[in-house]
**Q** 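Have a look at this one before I ask anything.
Scope of the values below: all heavy atoms of this structure, side chains included, with no hydrogens, waters or symmetry mates.
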Amino acid sequence: MREKYAEFAKEVLKLNPVFIVGSGSSAGAGISAMGDLAKFLVRHIDDRKFETEERKQWAFVKERLTADRMGLEEALQLAGNPLGKRLMGEIVRHTWRCISRDEQEVLPQFVSGGDPAGFVRLFRAFKHSTHHTVHIVTTNYDHLIEWSAAAMQWHVWDGFHEGPIGVMANSMDLNERMQRIYRTGRGRNYAVKTIQHLRIYKPHGSLSWFKLPHGTVKKVAGIGEGQIRSLGRAGIEPVIVTPGMGKYLETHFEPYYSVLAEMKHAIDHAKAMIFIGFGFNDIHIQGSWQRLLRNSAVPAIVLARSLSGSFRSMVERNDIANFIAIQADGAGSELISDKFQSAKIDEPALWTLKGLLSLAWGEERSDELSRSV
C-alpha cells in the first residue's frame with residue numbers, strides 16, 4: 001500500500017498541483033491553532049472598554065470558548081448578528097498579536113536554513129523543474145509559505161507588489177512583470193520566459209495587510225508587535241478576516257474580492273490538488289473546488305493529523321473521487337482512499353508535507369541542500 005501511495009504522490013506532484021493549506025499546517029510549525037488562539041483572546045481582551053451590547057456579545061462568545069470548549073469559529077458563528085465594531089476591532093488586533101508573536105518565534109529557523117513547514121523543500125525541488133508558477137490557497141494569516149518561497153529565491157505575489165511597502169497588483173500587472181524576453185542564438189529571434197514565482201491566495205487576509213484611514217489597503221512588511229500600537233494611533237489597522245459570519249460580508253470588498261477571483265481562476269485550471277491541514281469546514285471558500293473534487297480526472301491528496309468529520313461526510317457522499325487521504329494513527333499513519341481499502345502503515349508523519357515529499361522523492365540529500373546555498 002505504501003508503494004501505491006508513493007506512486008500516486010509522485011504523479012500528483014508532477015502535475016504541479018494547487019495547494020490548499022489550512023491552520024493544521026502552520027500549527028505543526030509552531031503557529032497557534034484555533035484552540036490556542038481562543039485562549040489568547042480570553043486572556044487579553046478587556047471588556048471594560050465595550051458598550052453594554054458589546055459586553056454582552058463578548059460574554060456570550062467567551063462562555064462558549066471556556067465553559068463549552070467550542071472552537072473560535074463555531075463560537076463566533078453562534079453569536080449571530082455581526083459583532084460590535086469595537087469588539088470586532090479588539091478580536092482582530094489580538095488575533096494579529098497572537099499569530100505575529102508565533103511567527104516571529106519561527107522566523108529564525110528560516111534564516112538559519114530550516115524548513116519548519118516543509119515548503120522550503122517543495123520550492124527547492126520545483127526551482128529545478130519546468131514549473132514556473134506555484135499556486136497556493138491558504139486561510140492562514142502568517143507568512144511561513146511566503147518565507148519558504150523567498151528562501152529559495154522565488155518571487156512572491158499575494159495580491160500586492162513586492163517590496164517593503166506594496167500596493168495592490170492585479171494579475172495583468174503580475175503577468176507582465178513575470179515575463180523575461182531574451183534573444184535566442186545569434187539572430188534576431190526572441191523568446192519569452194516566465195520567471196518562477198509563487199501566487200499565494202489569502203482569502204482571510206495576511207498579517208502584513210493594513211488599511212489606511214481613507215480606506216486604501218497596503219502591504220507593509222516587517223511590522224512587529226512594537227509597531228502595531230503606533231500604527232493604530234495613526235488610524236492604520238490590520239486587515240484580516242476573523243472566523244465567524246462577519247467574514248462573508250468583509251470579503252465582498254478589496255483586497256479580498258480580487259484575491260478570491262484570482263483564486264477561483266487558479267482552481268478552475270487545476271490538474272491536481274493537495275490539501276494540507278485543511279478541515280473542510282470553511283464554506284466561505286471550499287465551494288470553489290467542490291466540482292473539481294468530484295472529477296476523477298483531477299487527483300487529490302488530503303493530509304491531516306486527524307481527518308475532520310466534514311471530510312469523512314464528503315467521502316460517504318462520494319463528493320470526492322480519485323483521492324488518497326492520510327491521517328496520524330498512533331505512531332503510524334492511516335490511508336483512506338477510493339482506490340483501495342483503508343490501510344494502516346507503521347510509518348510516522350506520512351500525513352505531513354515533509355512526509356509526503358520524502359515518500360515521493362526520497363529523503364533529502366546533502367547535495368540537494370547545498371544547491372540552495
**Q** With side chains defined as the heavy atoms from C-beta onward, is the minimum distance between Leu78 and Arg64 less than 4.5 Å?
**A** yes

**Q** Leu198 versus His155: any side-chain heavy-atom pair under 4.5 Å?
**A** no

**Q** Going by heavy atoms in the side chains, are Lys271 and Pro17 under 4.5 Å from each other?
**A** no

**Q** Would you give the length of the straight line joining atom CE of Met34 to atom CG of Leu37, rounded to the nearest 0.5 angstrom?
**A** 6.5 Å

**Q** Checking Arg97 now: which residues fulfil salt bridge (Lys or Arg N to Asp or Glu O under 4.0 Å) with it, not counting sequence neighbours?
**A** Glu225

**Q** Does Arg101, at its CZ atom, have more than 12 non-hydrogen atoms belonging to other residues, nucleotides or ligands within less than 6.0 Å?
**A** yes

**Q** Can you tell me if Arg43 has over 12 outside heavy atoms packed within less than 6.0 Å of its CZ?
**A** yes

**Q** In plain terms, say whether Lys202 and Asp158 are close enough for a salt bridge, that is, a side-chain N and a carboxylate O under 4.0 Å apart.
**A** no

**Q** Strictly below 4.0 Å, N to O, side chains only: are Arg291 and Asp268 in salt-bridge contact?
**A** yes

**Q** Please enumerate all residues that pass side-chain contact (heavy atoms from CB on, under 4.5 Å) together with Ser230, with sequence neighbours excluded.
**A** Gln227, Arg233

**Q** Can you say whether the rings of His269 and His265 are parallel (under 30°), tilted (30 to 60°) or perpendicular (over 60°)?
**A** tilted

**Q** Given side chains that start at C-beta, do those of Phe210 and Val217 come closer than 4.5 Å, heavy atoms only?
**A** no

**Q** Is there side-chain contact between Arg2 and Leu359, with at least one heavy-atom pair below 4.5 Å?
**A** yes

**Q** Do the ring centers of Phe119 and Trp154 come within less than 6.0 Å of each other?
**A** no

**Q** Using a 4.5 Å cut-off on heavy atoms from C-beta on, say whether the side chain of Val167 contacts that of Phe160.
**A** no

**Q** Which residue is it: Trp289, Phe323, Trp351, Phe19? I am looking for the one with a ring-ring contact (aromatic ring centres under 6.0 Å, His included) to Phe275.
**A** Trp289

**Q** When you compare the side chain of Ile240 with that of His204, does any pair of heavy atoms fall below 4.5 Å?
**A** no

**Q** So do Ile99 and Phe40 actually touch side chain to side chain, heavy atoms under 4.5 Å?
**A** no

**Q** Please check this pair: side chain of Glu103 against backbone of Leu144, looking for a donor-acceptor N/O pair closer than 3.5 Å.
**A** no

**Q** Would you call the rings of Phe280 and Phe311 parallel, tilted or perpendicular if under 30° counts as parallel and over 60° as perpendicular?
**A** tilted

**Q** Tell me, yes or no, whether the heavy-atom count around Glu105 atom CD, taken from other residues, nucleotides or ligands under 6.0 Å, exceeds 12.
**A** no

**Q** Between the side chains of Asp329 and Lys344, is the shortest nitrogen-to-carboxylate-oxygen separation below 4.0 Å, so that they form an ion pair?
**A** yes

**Q** In terms of hydrophobic clusters joined by side-chain contacts under 4.5 Å, are Ile274 and Leu15 together?
**A** no

**Q** Tell me, yes or no, whether the heavy-atom count around Arg317 atom CZ, taken from other residues, nucleotides or ligands under 6.0 Å, exceeds 12.
**A** yes

**Q** Holding to salt bridge (Lys or Arg N to Asp or Glu O under 4.0 Å), I want the full list of residues that pass it with Glu90, two or more places apart in sequence or in another chain.
**A** Lys49, Arg93

**Q** More than 12 foreign heavy atoms under 6.0 Å from CG of Asp46: is that the case here?
**A** yes

**Q** Would you call the rings of Trp147 and Phe110 parallel, tilted or perpendicular, taking 30° and 60° as the class edges?
**A** perpendicular

**Q** Please say whether more than 12 non-hydrogen atoms of neighbouring residues, nucleotides or ligands are located less than 6.0 Å from NZ in Lys218.
**A** no

